[in-house]
Number of protein chains: 2
Amino acid sequence: MGTQPEPSSTPRTALNRERVVRAAVALADEAGLEALSMRKLGQRLGVEAMSLYNHVANKDDLLDGMIDVVFSEIDLPASDAGWRTAMRQRAASVREALARHPWATGLMELRTTHGPTSLRHHEAVLDCLREAGFSIENATHAYWLLDSYIYGFAIQEASLPFGTPEELVEMAEIVLPRVPAETYPRLNEAAAAALAAGYDYTHEFEFGLDLILDGLERLLDSARESGATVH
Amino acid sequence: MGTQPEPSSTPRTALNRERVVRAAVALADEAGLEALSMRKLGQRLGVEAMSLYNHVANKDDLLDGMIDVVFSEIDLPASDAGWRTAMRQRAASVREALARHPWATGLMELRTTHGPTSLRHHEAVLDCLREAGFSIENATHAYWLLDSYIYGFAIQEASLPFGTPEELVEMAEIVLPRVPAETYPRLNEAAAAALAAGYDYTHEFEFGLDLILDGLERLLDSARESGATVH
DNA sequence: CGCTGTATGCTTACGACGTAAGTATACCGG
DNA sequence: CCGGTATACTTACGTCGTAAGCATACAGCG
């Protein structure tokens with residue numbers, strides 16, 4: 001077709017690191033992290049496993065690349081909308097990305113090194129908080145608090161085996177008989193209420209997030225009261 | 001020696017599920033989860049790998065047992081000290097257990113089934129909150145919020161590669177040159193402050209926890225105001 | 001006492017894994 | 001045209017979880 005490439009004997013489009021990493025992300029999304037092997041990934045790309053090592057140092061390097069993809073899908077906090085809405089948007093963006101790639105939280109625990117995408121992200125969040133008037137210490141507190149909550153929520157959401165209300169009902173039918181109301185009355189009343197109301201993760205997430213943001217706002221106000229932050 | 005056991009040809013103490021699981025926990029603590037293989041575990045117990053399958057259905061079953069051990073190390077909330085101190089103690093207990101076994105958070109994501117120890121734990125926490133006057137919905141909110149924070153914090157603590165102030169200084173020397181102050185000013189000022197103050201995870205953890213508990217207390221008060229909860 | 005499960009251990013073997021080492025091919029700049 | 005570089009393939013090693021089969025030792029029972 002074109003004039004330069006497609007030299008007749010390499011039918012497949014050229015392999016490169018990005019294509020390898022993206023295919024790995026797609027494979028992990030579809031089949032889970034434990035199904036991601038170099039051989040299966042090669043198969044998916046029409047290539048032998050060892051050929052992947054021309055584009056990726058080893059499997060850990062591949063996993064690092066996958067983490068970077070996830071980070072790149074997270075919106076940086078908007079700088080023009082006030083810290084609170086910026087933090088809300090970022091939190092939602094993180095949760096969406098982690099829900100899209102349920103394997104990501106598990107990976108981020110193992111791979112401790114942070115790529116430039118991750119660093120840029122951290123920098124932007126800290127900057128947003130500092131610009132809003134948080135002291136260095138309080139910005140650090142706020143960051144730990146928000147990230148702990150967001151990641152912890154994403155993990156629990158990912159490990160609970162239902163996403164839709166139908167799956168919730170389905171799972172309740174299987175699990176609840178093993179949780180008799182006599183020994184676990186509190187679990188049962190909570191489960192009954194959740195089933196009746198049609199449980200919604202997003203609503204649950206935002207409830208906790210707003211409670212935390214309220215606390216941070218009070219922290220900011222009381223710090224302002226007792227002496228302005230250097231800005 | 002004794003009259004009944006020790007029939008001269010089985011020198012080692014009898015193997016059973018508990019000994020296998022405990023050895024697995026110890027091995028994972030020392031060498032990490034990725035070093036836990038059935039062969040190495042057998043070696044540690046003076047036994048071939050396949051012999052372990054007489055006491056454990058398969059590796060997943062072993063992992064489930066390990067999770068149960070971790071849960072059994074977590075103190076149930078005290079029922080006689082008020083919900084706030086009970087939640088504080090439980091939170092500290094969870095964090096300690098997860099810090100003692102850094103592999104636990106990673107496992108709990110994968111193994112979604114909950115054993116009786118886990119169920120009992122959930123029940124006790126919910127009961128504590130309900131007794132304190134939280135509505136069913138608010139107790140559920142509080143549980144999600146607290147657990148998300150605790151687990152998220154534990155994960156970040158485990159994945160950050162330092163535990164002592166010395167290790168922090170050591171790591172800073174390695175990492176900071178790769179995080180230039182011109183492009184990452186906020187990260188650098190935060191790192192500098194943490195280095196100067198001697199960063200303390202426990203302090204950081206309790207700061208966020210107290211902020212959350214403050215928020216929950218307000219929630220409880222405002223619910224009390226607008227009409228008592230059925231109790 | 002011997003007979004007979006049953007519990008517990010060991011050996012061997014299979015297929016999948018990550019990846020080191022060596023080889024073949026196809027392109028590009030001289 | 002020629003040599004180097006990039007990319008792909010083949011083969012092979014050690015490790016993994018575990019299925020299948022075999023050995024032994026003990027308990028209950030006649």
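Numbers restart at 1 for each chain; the letters A, B, ... are given by sequence-line order, proteins then strands.
Under the rule for a salt bridge (Lys or Arg N to Asp or Glu O under 4.0 Å), B/Arg39 has no partner lying at least two apart in sequence or in another chain. Remark: A/His55 engages no residue in a ring-ring contact (aromatic ring centres under 6.0 Å, His included) (not counting sequence neighbours). Shown here are the side-chain hydrogen bond (donor to acceptor under 3.5 Å, both in side chains) partners of B/Arg17, two or more places apart in sequence or in another chain: B/Asp61. Residues meeting the ring-ring contact (aromatic ring centres under 6.0 Å, His included) test with B/Tyr143, sequence neighbours left out: B/His122. Partners of A/Ser93 by side-chain hydrogen bond (donor to acceptor under 3.5 Å, both in side chains), not counting sequence neighbours: none found. Listed by chain and residue number, nothing satisfies the side-chain hydrogen bond (donor to acceptor under 3.5 Å, both in side chains) test with A/Asn16 (two or more places apart in sequence, or in another chain). For B/Glu123, there are no side-chain hydrogen bond (donor to acceptor under 3.5 Å, both in side chains) partners two or more places apart in sequence or in a different chain.
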Under 3.5 Å, which donor-acceptor pairs do the side chains of residues 42-51 of chain A form with other protein atoms, sequence neighbours left out?
residue : atom : partner : partner atom : Å
A/Arg44 : NH1  : A/Glu30 : OE1          : 3.4
A/Arg44 : NH2  : A/Glu30 : OE2          : 2.8

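With rounding to the nearest 0.5 angstrom, the CG atom of B/Leu145 is 10.5 Å from the CZ atom of A/Phe205.
Distance, B/Leu33 CG to D/dC16 P: 13 Å, rounded to whole Å. Distance, B/Glu48 CD to D/dG17 P: 14 Å, rounded to whole Å.
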Any N/O pairs under 3.5 Å between the protein and nucleotides 4-7 of chain C? List them or say none.
none

Contacts under 3.5 Å, N or O only, protein and nucleotides 3-7 of chain D:
none

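Within the structure, no pair that satisfies the side chain to side chain donor-acceptor pair (under 3.5 Å) test touches residues 167-185 of chain B, not counting sequence neighbours.
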Output one letter per nucleotide in nucleotides 15-24 of chain C: B when a protein non-hydrogen atom lies under 4.0 Å from the base, S when only the sugar-phosphate is that close, - when neither is. --BBBBB---

